[in-house]
Amino acid sequence: MARYNPKEAEPRWRRAWEETEAFKAETDTSKPKYFVLEMFPYPSGRIHIGHVRNYAMGDVIARYKKAQGHNVLHPMGWDAFGMPAENAAMQSGGHPRTWTYNNIAIMRDQLKRMGLAIDWSREFATSDPDYYVHEQRMFLDFWRRGFVERNESQVNWDPVDHTVLANEQVIDGKGWRSGAPVERRTLSQWFFKITDRAEDLLDALDDGRLGSWPDNVVLMQKNWIGKSKGLKMRFHAAGRAPAGFESLEIYTTRPDTLYGASFMAVSPDHPLAAHYAAENAELRAFIAECQKIGTSEEAIEKAEKKGLRLPIEVRHPFVEGKTLPVFVANFILMQYGTGAIFGSAAHDQRDLDFARKYDLDVIPVVLPPDADPATFAIDQEAYTGPGTIFNSDFLDGLPWEEALPKAIARIEEMGDGEGTTNYRLRDWGISRQRYWGCPIPAIHCTNCGVVPVPEQDLPITLPDEADFSAPGNPLDRHPTWKYVRCPTCDDEASRETDTFDTFVDSSWYFARFAAPAPEAPTDKNMADYWLPVDQYIGGIEHAILHLLYARYFTRNMKECGYLNEEEPFRNLFTQGMVVHETYLDTDESKHLKDRWLFPEDIVKKDGQVVHAETGKPVTVGAIEKMSKTKKNVVSPEDIADTYGADAARWFMLSDSPPERDVEWSEAGVEGAWRLVNRIWDTCEGAKGILHQPHLGHLSREMDNADMSMRRLTHATIDHVTGDIESFRFNKAIARLYEFIATARKAVSADTISAPVRAETLSVLARIVSPFIPHIAEECWAHLGGEGLACNAPWPKADKALLATETVTLPIQVNGKRRGEITVPADAGEVEVRKLALSDDAVQRHIEGKQIRKLIVVPGRIINIVV
RNA sequence: GCGGACGUGGUGGAAUUGGUAUACACAACAGACUUAAAAUCUGUCGGCCGAAUGGCCAUGCGGGUUCAAGUCCCGCCGUCCGCACCA
């Protein structure tokens with residue numbers, strides 16, 4: 001038998017697809033459309049196994065939908081702006097553009113070798129001026145319509161490198177390059193007013209505007225938007241207060257616990273803190289310490305809770321004569337609410353920790369159900385559950401949910417506050433102080449303020465010459481680029497040197513794929529046909545930010561008339577990540593970023609992990625998602641070179657459920673390779689079988705071997721179709737293994753008739769095609785199938801062959817399996833009972849005992865309780 | 001710290017969604033073919049007891065609900081993702 005040679009066959013079929021433009025998407029309204037999109041990759045350098053998993057999944061869907069008769073759009077492009085290009089330029093002296101486009105060339109080639117059913121004619125990179133000119137145009141549109149504003153926000157500042165750091169670049173409060181403790185700086189930046197759409201973004205998660213989205217993603221988005229109903233209220237200063245601070249506004253979601261208030265706390269960034277800091281060195285030092293934590297919410301919340309008391313007290317709103325101390329506390333976020341809270345120590349864990357530390361009162365006011373008010377006490381654990389209010393005067397005895405509106409109403413009557421709706425979601429800061437991004441089309445003029453770049457001057461492109469030798473923004477220090485005339489008054493002015501957050505680029509790429517137009521972001525008619533994306537596929541790590549931003553941006557685009565859709569992604573599938581051990585050089589004098597090692601740099605022997613070249617021991621780090629930064633990447637090329645793209649694809653999709661993370665291991669790839677060969681082996685002897693008119697002779701009265709083969713064939717079609725529809729590729733593959741094993745035996749032993757053989761093999765070639773398209777083409781052509789396998793229709797299951805005549809029921813005695821009976825599928829319960837009780841094994845276990853209960857679950861199980 | 005998930009043989013995992021736990025695959029072992037190896041094929045394969053029909057135990061740990069729990073509930077432990085300037 002001639003062995004299948006993927007090295008020769010795979011490129012041949014890829015050429016055939018390319019020459020016939022098999023995957024080119026034409027806008028054809030007579031056919032149902034299907035838009036499959038995987039999140040496009042960042043061109044980090046090389047494709048890794050995680051990418052293959054992602055794109056193989058989308059490819060199965062794309063090919064399957066095409067076989068089902070859909071007009072499929074399956075495009076590919078590059079999320080090409082971003083920091084790594086600039087870091088690479090700084091490190092090795094090249095230009096970010098060169099680095100990026102070289103990477104794209106390599107990765108495009110790697111992806112093409114995987115045999116993906118992609119319409120490459122629609123490819124673009126977000127760093128192409130042809131793409132980002134439209135982004136700049138839309139930004140001007142959004143600005144005009146009031147979706148954009150300038151505001152202050154805080155950034156991590158590296159005082160040595162004089163540069164803004166990403167949260168990722170702040171390690172233990174220090175800059176990753178300089179090692180200097182970071183500081184917070186306040187900059188004036190651009191924002192998209194996403195909070196204006198918070199309500200709609202939230203509502204759409206529930207009202208059917210989304211199709212099928214994973215529950216956990218919907219929940220994460222809801223929590224992220226964080227709608228809360230609460231009370232914004234003012235506490236009045238007790239005694240003299242500095243001018244402007246006679247009252248302090250706080251936000252709370254728990255006004256029902258107002259009687260439990262024992263202190264008030266403001267953020268270190270609160271104006272009140274700043275006021276006292278001017279004359280208090282200790283406070284200045286405390287605020288400086290807080291600011292060294294960095295800007296990430298994670299770092300702030302993980303830090304030990306600390307505070308400093310201010311020389312001011314406030315009056316309790318309800319309790320005459322009671323005053324509360326006011327603290328500056330490091331866990332209060334300025335961005336949330338009003339940057340100030342009242343501490344309800346008994347019913348909030350953070351407040352309790354703080355109160356215990358500074359010896360403040362802990363007054364329980366919510367009594368858990370069944371607790372005794374006389375003895376109920378709080379020790380180290382706050383009570384945050386439901387209950388009845390006590391110790392609270394006019395609220396006493398009310399369930400807490402009734403106390404909430406009552407407390408709010410009282411404060412409103414007193415004129416000290418009002419019930420409000422608050423969102424955790426903050427406006428989207430889109431300014432980045434970097435070169436390798438889309439320039440923000442704005443001009444700063446001393447006379448006219450900030451003015452938009454006139455539309456005819458777009459695109460604002462990046463200057464080719466720039467200095468990447470030092471940290472900081474090369475656009476800002478560029479000798480000429482930013483100096484321009486003001487478009488309004490023609491006086492000397494300067495360009496905005498911030499570029500867009502790369503999330504802006506990825507917030508509308510799907511629309512550009514669907515409906516590219518030369519002079520506008522989209523061609524409206526094409527967009528109407530192709531959008532929304534029918535199936536979006538990507539990593540769970542994007543569950544919140546990217547997806548939320550894209551949903552927001554799409555709403556803006558709709559309002560500007562570029563689209564008719566507000567929800568870009570109809571159905572979403574979030575696949576698990578491919579994770580791998582990380583390896584670190586043990587030399588701790590190096591910066592962390594320079595210590596990561598590639599898996600191929602290390603060897604494992606005798607339970608020791610050492611460097612492949614130097615033999616020095618290596619520290620094994622956490623198992624994390626594959627990323628260029630931590631170098632824990634594995635390239636698919638070795639597998640593809642050895643076994644072919646089909647085996648690599650099959651292997652990536654087999655075994656693990658798509659939504660679950662997988663720890664990368666090559667063990668098992670040979671099984672995929674063996675399978676590819678078995679398929680060829682099964683088809684090889686049947687050359688041209690589909691040319692012969694056998695198929696007409698299939699009938700339902702055939703001998704047993706024929707019938708059981710046909711039953712399996714049609715059951716396989718049925719299952720695999722369902723498994724693909726519901727993203728259970730691993731299960732589809734398990735089914736296919738069984739089908740192929742049986743088909744192969746039947747064909748080689750010649751136990752089935754020619755028409756059944758033809759049917760079996762015809763189904764085989766077509767049903768494996770979405771998974772392993774090259775060998776499918778090879779077999780299809782060999783069998784004499786018409787045209788290309790990728791254009792062949794998906795097989796249909798004959799329902800009549802799916803029904804079974806008998807069913808085997810397990811029999812349990814007291815919940816333990818003791819026997820089984822085989823009965824006709826339509827057997828009645830009485831008959832089943834009789835048969836079950838007369839079974840020998842069952843008899844042994846019920847002998848001499850009284851039957852208390854007999855449960856028959858039709859078609860499932862029988863349980864006898866004795 | 002907060003939010004979201006996950007945990008089943010030596011390994012990846014399946015279990016019709018409360019109804020036969022371990023399908024399918026990998027690895028391992030044994031055998032066939034071969035001068036030999038590779039490749040291929042066949043068989044065994046959760047643990048313990050037993051010659052065997054069989055029995056007991058086992059789905060991270062501890063409880064609970066149920067005729068019946070991997071699946072539902074409560075409490076732990078561990079791992080992963082996100083936390084707004086990584087993409």
Side-chain angles (χ1 to χ4, degrees), chain A residues 1 3 39 41-42 44 79 81-84 153 155-156 164-170 189 214-217 219-220 222-224 226 295-305 331 335 349-350 353 424-434 501-503 506 539-546 548-549 574 576-577 579 622-625 627-629 651 654-657 659-663 665 667-672 674-675 677-678 681 728 730-731 733-738 741 808-812 814-817 819-820 841 852-855 857 859-865:
Chain A
M1 126 187 116
R3 233 167 128 74
M39 292 177 187
Y42 176 78
S44 56
D79 190 12
F81 276 135
M83 281 205 313
S153 81
V155 293
N156 300 303
V164 176
L165 297 176
N167 285 334
E168 177 191 61
Q169 299 171 315
V170 178
Q189 310 209 57
D215 291 343
N216 61 331
V217 174
L219 190 56
M220 279 192 258
K222 279 184 191 167
N223 290 340
W224 186 259
T295 60
S296 87
E297 199 164 297
E298 181 190 6
I300 292 167
E301 295 222 358
K302 266 189 188 159
E304 189 196 348
K305 283 155 197 61
F331 62 97
Q335 312 97 315
Q349 192 60 47
R350 288 179 307 182
D353 294 343
R424 209 184 73 93
L425 181 68
R426 309 200 294 258
D427 278 332
W428 173 14
I430 51 169
S431 289
R432 298 292 181 271
Q433 294 69 42
R434 298 190 220 296
D501 175 10
T502 55
F503 274 127
S506 56
I540 183 70
E541 70 271 29
H542 293 294
I544 298 175
L545 292 179
H546 161 61
L548 192 65
Y549 291 152
T574 51
M577 274 161 302
V579 296
I623 297 168
E624 294 182 68
K625 74 167 163 170
S627 78
K628 185 101 197 294
T629 325
F651 177 56
S654 55
D655 292 356
S656 281
E659 70 282 1
R660 202 183 294 180
D661 289 350
V662 281
E663 190 179 340
S665 153
V669 67
E670 289 187 13
R674 282 198 285 267
L675 178 104
N677 281 295
R678 281 203 289 264
D681 181 42
R728 292 177 301 206
N730 56 324
K731 289 173 67 180
I733 282 176
R735 289 281 181 187
L736 289 170
Y737 268 111
E738 289 176 280
T808 302
L809 299 177
I811 308 163
Q812 296 180 331
N814 285 349
K816 283 190 194 292
R817 184 178 176 278
E820 60 178 38
R852 306 234 321 257
K853 208 168 179 182
L854 203 162
I855 297 148
V857 184
R860 280 284 150 76
I861 201 166
I862 299 143
N863 193 7
I864 303 164
V865 186

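Lettering of chains follows the sequences in order, A, B, ..., and the numbering in each one begins at 1.
The P atoms of B:rG18 and B:rC73 are separated by 11 Å, rounded to the nearest whole Å. When the C1' atom is compared between B:rG13 and B:rG46, the two are found 14 Å apart, to the nearest whole Å. Comparing the P positions of B:rA27 and B:rA38 gives an interatomic distance of 14 Å, to the nearest angstrom. Of the P atoms belonging to B:rA69 and B:rC61, the separation is 16 Å, rounded to the nearest Å. B:rU44 sits 23 Å from B:rC56 when the C1' atoms are compared, rounded to a whole Å. B:rC74 and B:rA5 are spaced 13 Å apart, taking the P atom of each and rounding to whole Å. If you take atom C1' in B:rG10 and the same atom in B:rG4, they sit 32 Å apart, rounded to whole Å. Between B:rG70 and B:rC81, the two C1' atoms lie 24 Å apart (nearest whole Å).
When each of A:Q349 and A:I540 is assigned the nucleotide of RNA chain B with its nearest heavy atom, A:Q349 is the one assigned upstream, toward the 5' end. With RNA chain B read from its 5' end, the first of the two nearest nucleotides for A:G815 and A:A672 is the one closest to A:A672.
Looking at A:D661, its side chain does come within 3.5 Å of a backbone N or O of A:M577 through a donor-acceptor pair.
Annotated as anti: B:rG31, whose glycosidic dihedral deviates from 0 by more than 90°. Nucleotide B:rU42 is shown with an anti base, its glycosidic torsion being more than 90° from 0.
In this structure A:F331 satisfies the ring pair (Phe, Tyr, Trp, His ring centres under 6.0 Å) test together with A:F354, sequence neighbours excluded. Scanning for ring pair (Phe, Tyr, Trp, His ring centres under 6.0 Å) contacts around A:F651 gives A:W664, with sequence neighbours left out.
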Walk me through it: do A:E820 and A:T808 pass the test side chain to side chain donor-acceptor pair (under 3.5 Å)? CA-CA 7 Å; A:E820 60 178 38; A:T808 302; 5.2 Å; no
Given side-chain contact (heavy atoms from CB on, under 4.5 Å), test A:V217 with A:I540 step by step and report yes or no. CA-CA 8 Å; A:V217 174; A:I540 183 70; 4.0 Å; yes
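For the pair A:Q335 and A:E297, the minimum side-chain heavy-atom distance is 4.5 Å or more. Using a 4.5 Å heavy-atom cutoff, the side chains of A:T295 and A:V155 are not in contact. In this structure, A:W224 and A:L545 have side chains that are in contact, with non-hydrogen atoms separated by less than 4.5 Å. With a 4.5 Å cut-off on side-chain heavy atoms, A:L854 and A:V865 do not count as touching. Considering only heavy atoms from C-beta on, A:L425 comes within 4.5 Å of A:L548 through its side chain. With contacts defined as side-chain heavy-atom distances shorter than 4.5 Å, the pair A:R350/A:E301 qualifies. In this structure, A:N730 and A:S656 have side chains that are not in contact, with every pair of non-hydrogen atoms separated by 4.5 Å or more. Side chains of A:M83 and A:Y42 form no contact here, defined as non-hydrogen atoms less than 4.5 Å apart.
The side chain of A:R674 places no N or O atom within less than 4.0 Å of a non-bridging phosphate oxygen (OP1 or OP2) of B:rC41. Contact annotation: A:K816 reaches the phosphate of B:rC57 (side-chain N/O to OP1 or OP2, under 4.0 Å).
Taking NE2 of A:H542 as the start and CD1 of A:I544 as the end, the distance is 12.0 Å to the nearest 0.5 Å. Between the CD1 atom in A:I862 and the CD1 atom in A:I855 there is a gap of 11.0 Å [rounded to 0.5 Å].
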Between the protein and nucleotides 84-87 of chain B, are there any N/O to N/O pairs under 3.5 Å, and if so, what are the atom names and distances?
unit_1: B:rA84; atom_1: OP1; unit_2: A:N167; atom_2: ND2; d: 3.4
unit_1: B:rA84; atom_1: OP2; unit_2: A:E297; atom_2: N; d: 3.0
unit_1: B:rA84; atom_1: O5'; unit_2: A:N167; atom_2: ND2; d: 3.2
unit_1: B:rA84; atom_1: O2'; unit_2: A:R426; atom_2: NH2; d: 3.2
unit_1: B:rA84; atom_1: N6; unit_2: A:R424; atom_2: O; d: 2.8
unit_1: B:rA84; atom_1: N1; unit_2: A:R426; atom_2: N; d: 2.8
unit_1: B:rC85; atom_1: OP2; unit_2: A:R432; atom_2: NH2; d: 2.9
unit_1: B:rC85; atom_1: O5'; unit_2: A:R432; atom_2: NH2; d: 3.4
unit_1: B:rC85; atom_1: O4'; unit_2: A:R432; atom_2: NE; d: 2.9
unit_1: B:rC85; atom_1: O4'; unit_2: A:R432; atom_2: NH2; d: 3.2
unit_1: B:rC85; atom_1: O2'; unit_2: A:N167; atom_2: N; d: 2.8
unit_1: B:rC85; atom_1: O2; unit_2: A:R434; atom_2: NH2; d: 2.2
unit_1: B:rC85; atom_1: N3; unit_2: A:Q433; atom_2: OE1; d: 3.4
unit_1: B:rC85; atom_1: N4; unit_2: A:Q189; atom_2: OE1; d: 3.1
unit_1: B:rC85; atom_1: N4; unit_2: A:Q189; atom_2: NE2; d: 3.3
unit_1: B:rC85; atom_1: N4; unit_2: A:Q433; atom_2: OE1; d: 2.9
unit_1: B:rC86; atom_1: OP2; unit_2: A:E168; atom_2: N; d: 3.3
unit_1: B:rC86; atom_1: O4'; unit_2: A:E168; atom_2: OE1; d: 3.1
unit_1: B:rA87; atom_1: OP1; unit_2: A:M83; atom_2: N; d: 2.9
unit_1: B:rA87; atom_1: OP2; unit_2: A:T502; atom_2: OG1; d: 3.4
unit_1: B:rA87; atom_1: O3'; unit_2: A:D79; atom_2: OD2; d: 2.9

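Atom C1' of nucleotide B:rG82 and atom CD of A:E301 are separated by 13 Å, given to the nearest angstrom. Rounded to whole Å, atom P of B:rU66 lies 21 Å from atom CD1 of A:I864. Atom CD1 in A:I733 sits roughly 15 Å away from atom C1' in B:rA23 (whole-Å rounding). Regarding A:I544, its CD1 atom lies at a distance of 12 Å from the P atom of B:rG3, rounded to whole Å. Distance, A:N216 CG to B:rC6 P: 8 Å, rounded to whole Å.
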Produce a footprint string for nucleotides 9-20 of chain B: one letter per nucleotide, 5' end first; B if the base is under 4.0 Å from any protein heavy atom, S if only the sugar-phosphate is, - if neither. ---BSSSB--BB
Just by protein heavy atoms under 4.0 Å, how would nucleotides 42-50 of chain B read 5' to 3' in B, S and -? S--------
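Among the heavy atoms of the strands, none lies under 4.0 Å from A:M39.
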How is the base pairing of RNA chain B summarised as a dot-bracket string, given the Watson-Crick and G-U wobble criteria with both distances under 3.5 Å, [ ] for crossing and | for another strand? (((((((..(((......[....))).(((((.......))))).((((....))))..(((((..]....))))))))))))....
